[in-house]
Structure formats: structure tokens, C-alpha cells
S.K.: 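Before I ask anything, let me first share the structure, which is written out below as C-alpha cells.
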Amino acid sequence: MISPPCQPFSPDPILDTASRLPRSFYNRPTPVVAQELLGTRLVHMEQGVRLSGWICETEAYCGEEDLACHAKAGRTPRTAVMYGPPGVAYVYFTYGMHWLFNIVTRPAGLPEAVLVRAIVPAEGLEIIAQRRGSQPRKRWADGPAKLTQSLGIDRRHNNLDLCASDAEIFIAAGISVPDEWVTIGPRVGLGTTPEPWLSKPWRFFIEDAEARLGGQTG
DNA sequence: AGCACGATTAACT
DNA sequence: GTTAATCGTGCTC
């Protein structure tokens, strides 16, 4: 009995991971990575089911000097992940109940990351509906804690290398987003963070994302 | 050991 | 616009 032939590619787009973004994508200035993540897909392969959404809102957090960034406290058990290599998930807990998903940027030693703040759900809609069905569809994943709830992301995924070929969470290449679709402004929810950090234009989002991305098939 | 606060959300008035 | 929910983290005593 001969071995079956290797699959040259996955014929099923639901299982395709060939478009996983490489580590070099994340090893660049954090605001650039944040903007270029718009229009890509955040994918979670959860027990064989593919859950995903189009990334439509991000924020850049830029190291110890950035007083809005957790790394302002230096290297602690929580922030250690941000001091590691780019392309790794930094998932943290806040307000006693919410998980927020970030991706580490820049070379090891520079504690910077992009917070993913919103997605337009694309795949795994049945499961997302189970988790978010108490809310109208437009609100299923239009916030940083809503998207982690939608995709089933939590503490288990902190420090996960998104660039590893077998990682269950990754970013897949998506569509090219025209500059005219993108609004840039100050980050939100920063409370008493002082200037100039409070006003840095490090938030990026696609205007009318649901209409523009909702019909994409990926 | 104790404390104040948080890169939020949903349900109020 | 206001507020409760709920607990890990980092800082002070």
C-alpha cells in the first residue's frame, strides 16, 4: 500500500491557512502595523471550526514611553509578552470580566503592540450567534471585548505565536483597504492618561465597515 | 495584606 | 448620560 499523495494546497478555503501573515509583517513601526491590519482577517480554528472576522478597528500602543501602554510599568509578569518577539498574541484581562486581544510588534526588547478593537464577523456565524445572540448582529463584535467573546479568545491564547504554522489563531491576508475608507484619530478609553499620549493619532478604523466588508467572502 | 483602578459592556434613566 | 458588574495587576503600607 503506497502512501496517499501530499496535499499541494487545501482545496477548502475554510481550512486554508496559506495566507497566514508572516512575522516580518509585525516587525515594523506599530502605527503602520495597526493601519495595515485593517482589512485582514482574524481567524480562530476552534475544534475544527473556523471562526473569523474582518479587522476594522485597531489601536497602536508604543512602549514604555507611551503612558497609555501597559509597558509604562516596565517589565512585569503581565507585560513580559510585549517584550518578546513580534507576531505573538498579548491577551489580557480587564474590568473583572473582559479579555482583550493584541498582537506584539517590533523586535524583542521593544514592548509595543496593536489592540484589535473590532471585527466584522465572516465565518463561524452560527457559533458567534450562540455567544452574541442576545445582541443585534451589528453589535456582535464591534468592541475589543466583544470580538474575543465572539471568537472564543481568552487567557489560553496569551503568548500564542500567531506566526507558527500550527497556531490555532492567526491573521490571514485580506483585502486592500483604500485610504479613503480609513479614519485616524486618538485612542479611546484612556481615562487620565496625560498628553501628548492621550491625543496621539493611533486609532485606525474603517468607516461603515459592516457595509464595506460584510459581503466579502474571504 | 490591602487598595484603587482598569485599552469595557450592557442595561438602565 | 449614568452606573453596576467583577477580579487581575501593580503599587503602597
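Chain letters run A, B, ... following the sequence lines, proteins first, then strands; residues in each count from 1.
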S.K.: Which distance, rounded to the nearest 0.5 Å, do you find between the CZ of A/R131 and the CG of A/L151?
M.R.: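 Between atom CZ of A/R131 and atom CG of A/L151 there are 8.0 Å.
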S.K.: Using the salt bridge (charged side-chain N to carboxylate O under 4.0 Å, His left out) rule, take A/E36 and A/R28 through it: C-alpha gap first, then chi angles, then the decisive distance, then the call.
M.R.: CA-CA 11 Å; A/E36 293 200 11; A/R28 298 183 292 164; 3.1 Å; yes
S.K.: A/V177 and side chain to side chain contact (heavy atoms under 4.5 Å, CB included): which partner among A/L37, A/I206, A/I55?
M.R.: A/I206
S.K.: Please identify each residue that fulfils side chain to side chain donor-acceptor pair (under 3.5 Å) with A/Y26, with sequence neighbours left out.
M.R.: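 Listed in chain order: nothing, the list is empty.
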S.K.: Measure from CZ on A/F204 to C1' on B/dA7 and round the result to the nearest Å.
M.R.: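 After rounding, the gap between these two atoms is 15 Å.
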S.K.: Can you name the closest pair of heavy atoms from A/L67 and A/K72 and give their distance?
M.R.: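 Shortest heavy-atom separation between A/L67 and A/K72 comes out as O-CD, 3.3 Å.
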S.K.: Below 30° counts as parallel, above 60° as perpendicular, anything between as tilted: where do the rings of A/F93 and A/W99 land?
M.R.: tilted
S.K.: Which ring pair (Phe, Tyr, Trp, His ring centres under 6.0 Å) pairs, counting each pair once, include a residue from residues 177-210 of chain A, with sequence neighbours left out?
M.R.: none
S.K.: Can you list, by residue number, the residues of residues 26-38 of chain A that have a non-hydrogen atom closer than 4.0 angstrom to DNA chain B?
M.R.: none
S.K.: What ring pair (Phe, Tyr, Trp, His ring centres under 6.0 Å) pairs are there with at least one residue in residues 131-159 of chain A, not counting sequence neighbours?
M.R.: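 Only A/H44-A/H157 qualify under ring pair (Phe, Tyr, Trp, His ring centres under 6.0 Å).
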S.K.: Paired stems touching DNA chain C, three or more consecutive Watson-Crick or G-U pairs with both distances under 3.5 Å?
M.R.: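 So far as stems of 3 or more pairs are concerned, DNA chain C shows B:1-6 with C:7-12, B:8-12 with C:1-5.
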S.K.: Check DNA chain B against residues 95-104 of chain A and give the residues with a non-hydrogen atom under 4.0 Å, in numerical order.
M.R.: A/Y95, A/G96, A/H98, A/L100, A/N102
S.K.: Between the base of B/dA7 and the ring of A/Y92 - centre-to-centre under 5.5 Å, planes within under 30° - is that a stack?
M.R.: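 It does not: the two rings, one from A/Y92 and one from B/dA7, miss the stacking criterion.
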S.K.: Give every residue pair that meets the salt bridge (charged side-chain N to carboxylate O under 4.0 Å, His left out) criterion with at least one member in residues 171-197 of chain A, sequence neighbours excluded.
M.R.: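 Residue pairs with at least one partner in residues 171-197 of chain A: A/D66-A/R187.
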S.K.: Counting primed atoms plus P, OP1 and OP2 as sugar-phosphate and everything else as base, spell out the protein contacts along nucleotides 8-13 of chain C at 4.0 Å heavy-atom distance: B, S or - for each nucleotide, 5' to 3'.
M.R.: SSSS--
S.K.: Using distance alone, with no hydrogens and no angle criterion, decide if A/R41 and A/S19 have a side-chain donor and acceptor under 3.5 Å apart.
M.R.: yes
S.K.: With heavy atoms under 4.0 Å as the rule, sort A/R139 into base, sugar-phosphate or nothing.
M.R.: nothing
S.K.: A/F25: what forms a ring pair (Phe, Tyr, Trp, His ring centres under 6.0 Å) with it, not counting sequence neighbours?
M.R.: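 Applying ring pair (Phe, Tyr, Trp, His ring centres under 6.0 Å) to A/F25 gives none.
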S.K.: Not counting sequence neighbours, list each pair that qualifies as a salt bridge (charged side-chain N to carboxylate O under 4.0 Å, His left out) and has a residue in residues 92-110 of chain A.
M.R.: A/R106-A/E112
S.K.: Could you check whether A/A145 gets within reach of a base, just the sugar-phosphate, or nothing at all, counting any heavy atom under 4.0 Å?
M.R.: sugar-phosphate
S.K.: Could you state the interatomic distance from CZ (A/R203) to CG (A/L115), rounded to the nearest 0.5 Å?
M.R.: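 The distance works out to 10.5 Å.
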S.K.: With sequence neighbours left out, which residue pairs that include part of residues 132-155 of chain A fulfil the salt bridge (charged side-chain N to carboxylate O under 4.0 Å, His left out) condition?
M.R.: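 Non-adjacent pairs meeting salt bridge (charged side-chain N to carboxylate O under 4.0 Å, His left out): A/D142-A/K146, A/D154-A/R156.
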S.K.: Within residues 127-138 of chain A, find the residues that approach DNA chain B with a heavy atom at under 4.0 Å, and present them sorted by residue number.
M.R.: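 Output list: A/R132, A/Q135.
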